[in-house]
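Please read the structure below before turning to the comments.
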Protein chains: 2
Amino acid sequence: MANVAKYDRADVIKKAMLLFWEKGFNGTSTRDLQQAVDLRPGSIYSAFGSKEGLFKEALRCYSANTYALLQEKIQQQGSPLSGLQAFIHCVVVSNRSSAPSDMCMLVKAVAELTDSNPELLQESQILMKKGELSFTRVLQEAQSQGELSSNADPQSLAKYIQVQLIGLRTYLRTSNDVVAVEQLIENTFQMLKAPH
Amino acid sequence: MANVAKYDRADVIKKAMLLFWEKGFNGTSTRDLQQAVDLRPGSIYSAFGSKEGLFKEALRCYSANTYALLQEKIQQQGSPLSGLQAFIHCVVVSNRSSAPSDMCMLVKAVAELTDSNPELLQESQILMKKGELSFTRVLQEAQSQGELSSNADPQSLAKYIQVQLIGLRTYLRTSNDVVAVEQLIENTFQMLKAPH
DNA sequence: TTTGATTTTGAGCAGTTGTTCAAGTTAAAA
DNA sequence: TTTTAACTTGAACAACTGCTCAAAATCAAA
């Protein structure tokens, strides 16, 4: 039985993810995808079922990559809170030129999607929630290491961080004001690190 | 010369704005628009030139409505800073059920648009900048009335407010957590009102 | 080498897209 | 009443959409 896939599934998903991230769900045609991924329609539809199916995989790929970057930055910095700050600076500022879009792919998804794609909207919301949860865990770790005040509430701070991250990235998209955004990141973490 | 418009231009723009706000630029077809606005293609194209032309008018309409709401809330509250807080609470929380989308139409626009619609992207960015400028002026007024500390910087605080507003609205879209969002609005303004 | 299930291919379908334009309608001016 | 110029109408166009499926290609097992 010839069941050897000729193509690398993970690679296909990554290429699709980069295109969807850049152009959005409605803005990306199946022909754009076929070209980016170098597969004919039949192969794509047998592997992913539909454009929606491929987009869902792309969302998960984006989310996993982002989580991996957070862990990497925490390792590099050697501390949870500094790692989180480095992660945010990286995602918002440093990676801007290499990324397909200034904005978070999940934010672009919840901005664009409506009730006509309920599954994709829900998936995006779930992945955002998971992102918040990983921030909560980082903050809990920071707290147990004494990097964060013991009377801080990691869960509501995680929500705050999420709001800042969404806000900063989107603000940068509208203003191009890198200096102001770097200042705002600095302020946010000075607040967090202060005994408060 | 029969140059009496049979339709109310402002009303047409408003109806188009509500539809574009809900479904986005790519997500709204010209037939959706024709139906919402009750005009045939020829009339729309002679009045606005293209789908892009109508979208640009819709963006300006949205922006003007939002500015009017800010002024209204400042009047109602009788003070700039409380007015700004009331405005943000209104836009983020109270108006949520009546609005076509949880999110800011300008944020949805900059999220969705790419280089294939450079004029629309630029217009969205300009209107966001104008929004920030009106926040700056409100904060300057608050400062001159002693509601805001005299060593605060209205210009960078306006950027901060803009980040919060974008972040909070989008966060609500992803989480539905109204309680947390109201708490974050409260915190933001306690910080601003404190002598700091 | 032959077999046969699995995968890949790409022409093509039915529906939708943004837009045009000739024909018809309107109402003020002559 | 007739003229005239602006406005409205809606059928139609060419391009594009997501997707299907019969035919061809592939390769492990017999």
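Just so we're on the same page: letters track the sequence lines, and every chain starts at 1.
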With no hydrogens and no angle check, just 3.5 Å: does a side-chain donor-acceptor pair link [X] and [Y]?
X: Q183(B); Y: K159(A); result: no
X: Q75(B); Y: Q71(B); result: no
X: E141(B); Y: Q145(B); result: yes

*Is it the case that more than 12 heavy atoms not belonging to Q34(B) sit under 6.0 Å from its CD atom?*
yes

(Q) Does K129(A) have more than 12 heavy atoms from other residues, nucleotides or ligands lying within 6.0 Å of its NZ? (A)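 Enclosed: over 12 neighbouring heavy atoms sit under 6.0 Å from NZ of K129(A).
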
In this structure, how many angstroms lie between the [atom2] atom of [N] and the [atom1] atom of [X], rounded?
X: R40(A); N: dT20(D); atom1: CZ; atom2: C1'; answer: 16 Å
X: L120(B); N: dG18(C); atom1: CG; atom2: P; answer: 13 Å
X: Y7(A); N: dT8(C); atom1: OH; atom2: C1'; answer: 9 Å
X: Q34(A); N: dT20(D); atom1: CD; atom2: P; answer: 13 Å
X: R31(A); N: dG12(C); atom1: CZ; atom2: C1'; answer: 10 Å
X: N26(A); N: dC16(D); atom1: CG; atom2: C1'; answer: 14 Å
X: R9(A); N: dT7(C); atom1: CZ; atom2: P; answer: 12 Å
X: L33(A); N: dG18(D); atom1: CG; atom2: C1'; answer: 11 Å

Can you tell me which residue among W21(A), Y62(A), F48(A), F20(A) is in a ring-ring contact (aromatic ring centres under 6.0 Å, His included) with F55(A)?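 Only one of W21(A), Y62(A), F48(A), F20(A) forms a ring-ring contact (aromatic ring centres under 6.0 Å, His included) with F55(A), namely F20(A).
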
(message) Counting only side-chain nitrogens and oxygens, does T30(B) get under 4.0 Å of the OP1 or OP2 atom of dT17(C)?
(response) no

Step by step, would you call Y171(A) with L165(B) a side chain to side chain contact (heavy atoms under 4.5 Å, CB included)? CA-CA 10 Å; Y171(A) 180 78; L165(B) 184 51; over 6 Å; no

Picking from dG18(D), dA11(D), dT9(D), the nucleotide nearest the side-chain atoms of S29(A) would be dG18(D)

Of T28(B) and P41(A), the one whose nearest nucleotide on DNA chain C sits closer to the 5' end is P41(A)

**Asked** Between F25(A) and D38(B), which has a closest nucleotide on DNA chain D that is more 5'?
**Response**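 Going by which nucleotide is closer to the 5' end, it is D38(B).
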
Heavy atoms within less than 4.0 Å of DNA chain C: which residues of residues 45-57 of chain A have one? Give them sorted by number.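 DNA chain C contact set from residues 45-57 of chain A: none.
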
Need one value for S43(A): base, sugar-phosphate or nothing, where a base atom within 4.0 Å counts as base even if backbone is also close, heavy atoms only.
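Touches a base.
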
